[in-house]
A.B. asks: 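Here it is, the structure in full.
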2 protein chains.
Amino acid sequence: MQDVAEKAGVSKSTVSQYLNGRFEYMSAETKKRIQTAIEALGYRPNQVAKSLKQKRTSTIGLIVANILHRFSTLVCRAVEDTCHEQDYHAIICNADDNPEKERKYIDMLRAKQVDGILVIPTQDNTDLYEKLIQNGYPLVFLDRKVAGLSVPSVTLNNREIARMAAQHLIQQGHEKISLMTPPLGVSSRNERQAGFCQSLRDHGLSTRYVVSVELDQIRQRLDHMLQTDPPTALVTGNDRVLMEALPYLKEKGISIPETLALISFDEMELAPLMDPPITTIEQPAMEMGRRATEILLRQIRGQQADIPLQTVFDATLCIRQSSRFKRGNLL
Amino acid sequence: MQDVAEKAGVSKSTVSQYLNGRFEYMSAETKKRIQTAIEALGYRPNQVAKSLKQKRTSTIGLIVANILHRFSTLVCRAVEDTCHEQDYHAIICNADDNPEKERKYIDMLRAKQVDGILVIPTQDNTDLYEKLIQNGYPLVFLDRKVAGLSVPSVTLNNREIARMAAQHLIQQGHEKISLMTPPLGVSSRNERQAGFCQSLRDHGLSTRYVVSVELDQIRQRLDHMLQTDPPTALVTGNDRVLMEALPYLKEKGISIPETLALISFDEMELAPLMDPPITTIEQPAMEMGRRATEILLRQIRGQQADIPLQTVFDATLCIRQSSRFKRGNLL
DNA sequence: GTGAAAGCGCTAACAA
DNA sequence: TTGTTAGCGCTTTCAC
């Protein structure tokens with residue numbers, strides 16, 4: 001920068017003005033000279049120095065559970081797009097639902113002075129989140145809330161959509177309905193399970209098929225269930241569960257939906273193309289990612305006024321003829 | 001840091017030593033005092049300042065075409081994992097195969113002083129890449145090469161795998177074989193097409209079904225082709241093409257593989273579960289992402305010695321009974 | 001073993 | 001309109 005200044009015959013501060021577009025008090029003459037000098041020297045401003053001085057990095061951190069989940073992939077894309085539009089960048093981290101890893105990432109992101117953090121939170125770092133809030137650190141939760149914390153969060157109408165899924169199956173005559181989710185503890189899964197069970201109980205049905213299982217246990221749990229006390233309908237809690245269940249069901253030659261009706265949370269691109277097509281509960285992941293980013297950026301800019309504490313999106317039950325009484329013209 | 005130093009009764013530089021683990025010449029006494037002071041004050045080092053001083057940010061840039069492509073998703077995860085292991089971070093950018101956007105991203109990343117860039121390159125920023133190389137800027141290409149540039153690149157055996165796919169179909173008796181790829185211009189697609197055509201010609205077959213089409217034209221192109229001069233086999237060039245073709249084929253009631261045998265590049269999670277299962281060409285995306293990151297980090301650390309210019313991975317043809325003469329026991 | 005001092009590249013009062 | 005100056009928070013010789 002000094003070099004540019006000398007070459008243009010002005011001072012560093014004038015160059016700085018130029019770079020920051022403060023041309024108001026600058027003669028066209030100087031402007032041109034600086035311009036020329038910059039090009040001649042191939043000068044490139046150093047954003048790190050700028051960040052140090054200004055105490056903002058134009059970077060946010062995004063912590064997802066695992067980018068390989070379709071939901072997270074969509075979120076990442078939406079967040080990145082939104083950041084790009086506003087000249088921000090996103091550092092993406094996979095915490096794998098591991099509180100330790102999440103904590104480490106948050107520490108690293110803070111050390112890097114990111115302007116804010118967007119996170120699909122685990123539920124075991126409440127103290128850490130609390131400290132962030134106390135420090136006035138911009139923070140937004142996505143997909144999940146954390147009990148007792150007032151952090152702006154963007155979530156889904158989990159209870160209602162789970163209830164709708166259950167009702168859909170009940171209306172079709174199912175009475176033994178299973179919901180398989182990954183281990184509980186995170187709000188979205190808890191809510192889904194609660195809504196689902198509520199609906200079952202409202203109809204006097206048993207909730208004994210509602211289970212939470214680690215991914216690697218899905219197959220054996222399914223196996224056990226189908227051997228001993230088979231449900232007639234299954235709702236998988238996310239795309240990973242589906243990807244475990246489906247190969248198993250196929251192997252065993254269990255026909256869908258005749259033997260087992262199937263509904264899955266999360267968009268799976270090929271789901272509608274399968275035979276039979278799988279009914280899915282689609283989440284507006286990209287809209288959620290975008291909105292969450294907008295809220296975070298607002299927080300960063302101190303526009304405290306228009307920051308909603310809760311933003312709830314609606315999931316959609318995409319019925320695709322996958323439940324047993326829907327074949328033919330019974331509908 | 002000053003505060004910590006005062007509280008511990010030492011100087012800033014001693015604190016710095018402490019933070020960087022240079023305990024060799026430090027009394028256990030001072031060490032403990034600094035430790036206590038840090039905790040008491042809740043001091044957190046500022047990585048931006050450190051970066052400014054040291055001229056490295058422990059951050060790399062990753063530019064993919066579109067993270068929504070399965071290949072890119074896998075790459076992102078692998079890159080992030082590898083970075084995390086080495087205390088690096090990745091800023092992820094979607095250039096959408098748009099040279100302008102790519103250029104803008106590269107500029108921004110450089111301004112942010114990222115230590116290196118990993119990119120799935122478009123083919124129209126050769127001058128920019130050249131400048132980076134001249135400046136000794138660590139750069140690695142993934143999935144594609146750029147003509148005339150000697151940049152370490154991690155690619156696939158595109159020619160061979162395309163040839164294998166063609167041969168597989170030919171062996172099954174197909175003579176009218178189509179390859180549909182997105183527009184050419186990027187090395188991987190070019191190579192695939194070249195290998196494919198080569199194989200067709202070697203067997204005296206026509207290459208008139210080998211086409212490059214924009215994604216939004218796929219359906220109509222397929223429609224046209226199937227109406228006028230239908231091939232008996234189709235190879236889709238990536239997951240996006242497949243996702244265009246499949247709904248169309250399903251709509252039209254074209255039976256796979258009886259009427260049209262189908263092979264697709266790129267892993268699609270549900271492909272093996274479809275009925276009939278789709279034969280795919282699987283790329284070791286995560287291994288490629290990991291290797292590319294390792295090469296980039298080596299470059300960053302100046303270990304010029306062990307940087308291979310070309311790293312070629314093998315794709316695998318996963319045959320899944322999707323081609324017509326394979327039903328029953330003809331195989 | 002520890003401290004003083006210079007400086008990384010930039011911005012932002014305030015002066016001129 | 002432009003220049004001077006004082007840092008931002010850290011590392012790193014080199015003295016002591």
Side-chain angles (χ1 to χ4, degrees), chain A residues 1-38 41-59 87 89 107-115 135 137, chain B residues 1-38 41-59 87 89 107-115 135 137:
Chain A
M1 191 154 147
Q2 187 62 269
D3 296 348
V4 174
E6 276 166 21
K7 179 132 191 165
V10 296
S11 80
K12 265 171 43 176
S13 35
T14 308
V15 177
S16 176
Q17 308 265 49
Y18 173 87
L19 291 171
N20 292 287
R22 300 205 55 75
F23 301 130
E24 297 134 45
Y25 307 115
M26 199 180 303
S27 67
E29 167 66 5
T30 354
K31 200 165 145 183
K32 182 148 291 173
R33 286 223 308 284
I34 295 176
Q35 160 93 314
T36 319
I38 286 179
L41 296 170
Y43 165 79
R44 315 182 61 85
N46 179 327
Q47 175 78 34
V48 171
K50 182 169 184 167
S51 294
L52 178 59
K53 181 67 189 178
Q54 298 192 147
K55 300 176 182 311
R56 29 185 209 80
T57 52
S58 306
T59 305
D87 280 327
H89 276 308
D107 286 346
M108 291 173 79
L109 290 172
R110 289 223 286 166
K112 283 215 165 121
Q113 312 293 116
V114 298
D115 297 340
N135 297 355
Y137 207 93
Chain B
M1 191 153 147
Q2 186 62 269
D3 296 348
V4 173
E6 278 166 19
K7 180 132 193 165
V10 298
S11 80
K12 267 171 38 175
S13 31
T14 308
V15 176
S16 177
Q17 307 266 47
Y18 174 88
L19 290 171
N20 291 289
R22 300 204 56 74
F23 303 128
E24 295 133 46
Y25 305 115
M26 198 178 307
S27 66
E29 167 67 5
T30 355
K31 200 165 146 182
K32 183 149 289 174
R33 285 224 309 285
I34 295 177
Q35 160 92 315
T36 319
I38 285 179
L41 296 170
Y43 166 79
R44 315 181 61 83
N46 180 327
Q47 175 78 33
V48 171
K50 181 169 184 168
S51 294
L52 177 59
K53 182 68 190 176
Q54 299 193 146
K55 299 176 183 312
R56 32 184 206 80
T57 52
S58 306
T59 305
D87 281 329
H89 275 308
D107 286 345
M108 292 173 79
L109 290 171
R110 288 224 286 167
K112 284 215 164 118
Q113 312 292 117
V114 298
D115 297 340
N135 296 355
Y137 207 95

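We name chains A, B, ... by the order of the sequence lines, and we start the count at 1 in each one.
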A.B. asks: Across the strands shown, which category fits A/Ser13 at heavy-atom distances under 4.0 angstrom: base, sugar-phosphate, nothing?
C.D. replies: base
A.B. asks: Measure NZ/B/Lys50 against P/D/dT12 and give the value in whole Å, please.
C.D. replies: 8 Å
A.B. asks: Name the nucleic acid region contacted by A/Tyr43, choosing base, sugar-phosphate or nothing; use a 4.0 angstrom heavy-atom cut-off, strictly under.
C.D. replies: sugar-phosphate
A.B. asks: Is the phosphate of D/dT2 approached by A/Thr14 (side-chain N or O, under 4.0 Å from OP1 or OP2)?
C.D. replies: no
A.B. asks: For residues B/Ser27 and B/Thr30, is any side-chain donor paired with an opposing acceptor at under 3.5 Å?
C.D. replies: yes
A.B. asks: Give a yes-or-no answer on whether the side chains of B/Gln17 and B/Tyr25 include a donor-acceptor pair shorter than 3.5 Å.
C.D. replies: no
A.B. asks: Under 4.0 Å, heavy atoms only, any strand: does A/Met26 hit a base, just the sugar-phosphate, or nothing?
C.D. replies: sugar-phosphate
A.B. asks: Could you tell me how far apart B/Leu41 (CG) and D/dG9 (P) are, to the nearest whole angstrom?
C.D. replies: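 After rounding, the gap between these two atoms is 14 Å.
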A.B. asks: Round to a whole Å and report the spacing from CZ of A/Arg33 to C1' of D/dT1.
C.D. replies: 12 Å
A.B. asks: Look only at the side chain of B/Ser16 and the backbone of B/Lys12, and say whether a donor-acceptor pair between them is shorter than 3.5 Å.
C.D. replies: no
A.B. asks: Just how large is the angle between the end axes of the helix from C/dG1-D/dC16 to C/dA16-D/dT1, five pairs per end, to 10 degrees?
C.D. replies: 40°
A.B. asks: Between B/Arg22 (CZ) and C/dG3 (C1'), how many Å, whole number?
C.D. replies: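 Roughly 17 Å, once rounded to whole Å.
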A.B. asks: Keeping B/Thr59 on the side-chain end and B/His89 on the backbone end, is there a donor-acceptor pair under 3.5 Å?
C.D. replies: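 No; zero donor-acceptor contacts below 3.5 Å.
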A.B. asks: Using whole Å, what does the distance between atom C1' of nucleotide D/dT4 and atom CE of A/Met1 come to?
C.D. replies: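 Result: 13 Å.
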A.B. asks: Just checking, any donor-acceptor pair under 3.5 angstrom between side chains of A/Asn46 and B/Lys55?
C.D. replies: no
A.B. asks: Does a side-chain N or O from A/Ser16 land closer than 4.0 Å to OP1 or OP2 of C/dT11, or not?
C.D. replies: yes
A.B. asks: Can you measure A/Tyr18 atom OH to C/dG9 atom P for me and round it to whole angstrom units?
C.D. replies: 21 Å
A.B. asks: Calculate the interatomic distance between B/Leu19 atom CG and C/dT2 atom P; express it in whole Å.
C.D. replies: 14 Å
A.B. asks: Using a cut-off of strictly less than 4.0 Å, decide whether B/Ser27 has a side-chain nitrogen or oxygen near OP1 or OP2 of C/dT2.
C.D. replies: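 Checking C/dT2 against B/Ser27, a side-chain N or O does come within under 4.0 Å of OP1 or OP2.
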A.B. asks: Give a yes or no answer on whether the side chain of A/Asp115 reaches the backbone of A/Arg56 with a donor-acceptor pair at less than 3.5 Å.
C.D. replies: no
A.B. asks: What is the nucleic acid contact for B/Ser51, judged by heavy atoms within less than 4.0 Å: base, sugar-phosphate only, or nothing?
C.D. replies: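 Contact class for B/Ser51: none.
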A.B. asks: Please figure out whether A/Arg44 or B/Gln17 has its closest DNA chain C nucleotide nearer the 5' end.
C.D. replies: B/Gln17
A.B. asks: Quick one: which protein N/O atoms are closer than 3.5 Å to N/O atoms of nucleotides 6-8 of chain C? Pair and distance per line, please.
C.D. replies:
from: C/dG7; atom 1: N2; to: B/Lys53; atom 2: NZ; distance (Å): 3.1
from: C/dG7; atom 1: N3; to: B/Lys53; atom 2: NZ; distance (Å): 3.3
from: C/dC8; atom 1: O3'; to: B/Lys55; atom 2: NZ; distance (Å): 2.7

A.B. asks: Among side-chain atoms of A/Thr57 and A/Lys112, is any donor-acceptor pair under 3.5 angstrom?
C.D. replies: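 No, A/Lys112 and A/Thr57 have no side-chain donor paired with an acceptor closer than 3.5 Å.
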A.B. asks: Do B/Tyr18 and B/Val10 come within less than 4.5 Å of each other through their side chains, counting heavy atoms only?
C.D. replies: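 Not in contact.
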